[in-house]
Every structure is written in structure tokens, then in C-alpha cells.
Amino acid sequence: MPQGQPAHVPDDGLTTRQRRNRPLTIVHTGPGKGKSTAAFGLALRGWNQGWPIGVFQFVKSAKWRIGEETALKALGELHARTGQGGPVDWHKMGEGWSWIQRDLHSDPDLQADNARAGWERIKADLAAETYRLYVLDEFTYPMKWGWVDVEDVVKTLADRPGSQHVVITGRDAAPELLDAADLVTEMTKVKHPMDAGQKGQKGIEW
């Protein structure tokens, strides 16, 4: 299997192992399809390594059930039964988060409060090193809409302890976030079935 080779080796005083294992901030952005799909693919890889996985799904409705949620929750249950892989926690803003019991639905002000509550929980988990991989799905939107402060996100991620990887998905990622990230992928749309009037379908969109 091919392994990536760096274009150059910086004079940063780190060993090859230290540099290889440093925590990454990853951003999947752009107008094309596949940002969340790629992030959940990373979660599968992390689970296979035995990493604790934390998924924080912003914006999507509680009624929206995606296949990755079912699959990763099942893998988390497999870990609980057999010890294989790693534990998985899945939190959805559309359900009011798993640790908050209140009815938020579609009120914009409550959604903003909910987004901020999600970010505060993530900050606490980062400080406690709860997970090895965090998937912050569609987290660019709370930043774009002013619900969550971009500078706070950038500083928190820069100061996080340990070896915690964070992947953020969503369109229109803030320039400050892109500058701070270690890995940025922009999904560009060349063609999409919806352009020809075709609706989303099972197994492809969810």
C-alpha cells in the first residue's frame, strides 16, 4: 500500500514519530457532495484503531437518519460487547443534544443557543481528552451564522491537549479556520444528478 511522503521535512526539532503523530485539524468544505461522507470514513478508520469517537452533528433535523449514524452506533455497541474497535458517541443538535432535554425544534434563537451549547460541550470534552477523533459535522454553519465565535474555535483547537484529531465539515468554512487547519479538502461539484432533476436516493444521500 503506498504511503504518503512529505514534500519537505521542517527543522522543528521533532522526531519523525512525533511529527507523524501530532494531532490534526481537518476541514472538509466546498459546494460538492461528500464532505460528511469522507469525515465518517475517517471515523471508521479511527474506530478500527480502537479510538474513542465523538460525533457532534450540527444543523440536521432529528428526523434525518443517515446510514453512517446507524453503522457507527452499531460499531460502538460491538465495542461495548466485545472490546473490538473503539467506543462511539453520537450527538445531534436536531435532537437537542443527548445531554440537554428541551424542545428546540425550528426556533432560530433556540437553535443558536443549541449550537453554542454543543460547542461548549465539545470544549469540555477536548479539555478532558474524552475522544481521540471528533467529527464536527456541518459545524461551519454555526460559525458562518455567528452562533459560534470563529476565533474561539481556532484558539480552542490550537490549545487542545493530547493527540485529539478534529474534522470539521460544511460549506463556506471561515478563512481563519482554513488558515489554522492542518488539512483542508475542498469538494467541488462537477456534475450531480440533482442538476438533472433527480432527487436524492437511499444508499447515496443517506
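In this text the structure is predicted, and so the values were computed from the model without any measurement.
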Visitor: Nearest 0.5 Å please: distance from the NZ atom of Lys155 over to the NZ atom of Lys123.
Guide: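 With rounding to 0.5 Å, NZ (Lys155) is 9.0 Å from NZ (Lys123).
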
Visitor: Counting C-beta onward and ignoring hydrogens, is there a side-chain heavy-atom pair between Lys33 and Lys189 closer than 4.5 Å?
Guide: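 No. Closest side-chain heavy atoms not under 4.5 Å.
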
Visitor: I'd like to know whether Phe58 forms a ring pair (Phe, Tyr, Trp, His ring centres under 6.0 Å) with Trp145, so could you lay out the CA-CA distance, the side-chain angles of the two residues, the decisive distance to 0.1 Å, and finally the verdict.
Guide: CA-CA 13 Å; Phe58 289 80; Trp145 297 332; over 10 Å; no

Visitor: Mind running salt bridge (charged side-chain N to carboxylate O under 4.0 Å, His left out) on Glu69 and Lys73 for me, showing each step along the way?
Guide: CA-CA 6 Å; Glu69 178 181 357; Lys73 283 183 174 179; 2.9 Å; yes

Visitor: Can you tell me how far apart CE (Met143) and CG (Asp152) are? Round to the nearest 0.5 Å.
Guide: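 Answer rounded to 0.5 Å: 10.5 Å.
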
Visitor: Roughly how far apart are Trp97 CH2 and Lys92 NZ, rounded to 0.5 Å?
Guide: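 Trp97 CH2 to Lys92 NZ: 10.5 Å, rounded to 0.5 Å.
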
Visitor: Is it the case that the side chain of His28 and the backbone of Thr185 share a donor-acceptor pair, with hydrogens and angles ignored and the cut-off at 3.5 Å?
Guide: no

Visitor: With Lys144, which residues qualify under side-chain contact (heavy atoms from CB on, under 4.5 Å), at least two apart?
Guide: Asp172

Visitor: Glu176 and Val154: which non-hydrogen atoms are nearest, and at how many Å?
Guide: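 In this case the closest contact between Glu176 and Val154 is O-CG2, 3.9 Å.
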
Visitor: Is any side-chain heavy atom of Leu126 closer than 4.5 Å to one of Asp159?
Guide: no

Visitor: Do Tyr134 and Gln164 get their side chains close enough for a donor-acceptor pair, meaning under 3.5 Å?
Guide: yes

Visitor: Below 4.5 Å, heavy atoms only, C-beta onward: do Phe56 and Val135 meet side chain to side chain?
Guide: no

Visitor: For the CD atom on Glu120, are there more than 12 heavy atoms of other groups (residues, nucleotides or ligands in this structure) within a distance under 6.0 Å?
Guide: yes

Visitor: Do you reckon Met187 sits in the same ILVMFWY cluster as Leu42, going by side-chain contacts under 4.5 Å, direct or chained?
Guide: no

Visitor: Return the OG to CG distance between Ser163 and Leu133, rounded to the nearest 0.5 Å.
Guide: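 That separation rounds to 12.5 Å.
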
Visitor: Can you tell me how far apart CG (Leu44) and CG (Leu75) are? Round to the nearest 0.5 Å.
Guide: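 If we round to the nearest 0.5 Å, Leu44:CG and Leu75:CG are 6.5 Å apart.
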
Visitor: Could you walk me through whether Thr156 and Val153 pass the side-chain contact (heavy atoms from CB on, under 4.5 Å) test, one step at a time?
Guide: CA-CA 5 Å; Thr156 299; Val153 172; 5.9 Å; no

Visitor: Using the rule side-chain contact (heavy atoms from CB on, under 4.5 Å), only one of Val27, Ile122, Val55 pairs with Leu136; which is it?
Guide: Ile122

Visitor: For residues Glu186 and Thr188, determine if any side-chain heavy atom of one lies less than 4.5 Å from a side-chain heavy atom of the other.
Guide: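 Yes, their side chains come closer than 4.5 Å.
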
Visitor: When you measure from the side chain of Asp89 to the backbone N and O of Gly54, does any donor-acceptor pair fall under 3.5 Å?
Guide: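 Not at all, since once roles are kept as given, no pair shorter than 3.5 Å links the two residues.
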
Visitor: Would you say the ring centers of Phe40 and Trp47 fall short of 6.0 Å from each other?
Guide: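 No; Trp47 has its ring centre 6.0 Å or more from that of Phe40.
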
Visitor: Is any side-chain heavy atom of Ile168 less than 4.5 Å from a side-chain heavy atom of Leu157?
Guide: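 With C-beta onward as the side chain, the pair touches.
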
Visitor: Just jot down the side-chain contact (heavy atoms from CB on, under 4.5 Å) partners of Thr82, sequence neighbours excluded, or say none.
Guide: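 Listed in chain order: Leu78, Gln84.
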
Visitor: Using only atom types and a distance under 3.5 Å, with no angle test, would you say the side chain of Asp125 pairs donor to acceptor with the backbone of Thr130?
Guide: no

Visitor: Can you tell me how far OG1 of Thr29 sits from CZ of Arg171, rounded to the nearest 0.5 angstrom?
Guide: 9.0 Å

Visitor: Could you tell me if the side chain of His79 sits less than 4.5 Å from the side chain of Val88, heavy atoms only?
Guide: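 With C-beta onward as the side chain, the pair stays apart.
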
Visitor: Checking the side chain of Thr169 only, and the main-chain atoms of Lys35 only, is there a donor and an acceptor separated by less than 3.5 Å?
Guide: no

Visitor: Can you see which heavy atom on Pro142 is nearest to which on Ala115, and at what distance?
Guide: CB-CB, 4.1 Å

Visitor: Do Arg132 and Ile53 come close enough that some side-chain heavy atom pair is under 4.5 Å?
Guide: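 They are not in contact (no side-chain heavy atoms under 4.5 Å apart), so the answer is no.
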
Visitor: Apply side-chain contact (heavy atoms from CB on, under 4.5 Å) to the pair Phe139 and Trp119, showing each step before the final yes or no.
Guide: CA-CA 9 Å; Phe139 187 50; Trp119 171 236; 3.6 Å; yes

Visitor: side-chain contact (heavy atoms from CB on, under 4.5 Å), that's the test. Do Thr25 and Leu183 meet it? Break it down for me.
Guide: CA-CA 6 Å; Thr25 297; Leu183 193 165; over 6 Å; no

Visitor: Would you say the side chain of Trp147 lies within less than 4.5 Å of the side chain of Gln111, judging by non-hydrogen atoms?
Guide: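 Yes, close enough: below the 4.5 Å cut-off.
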
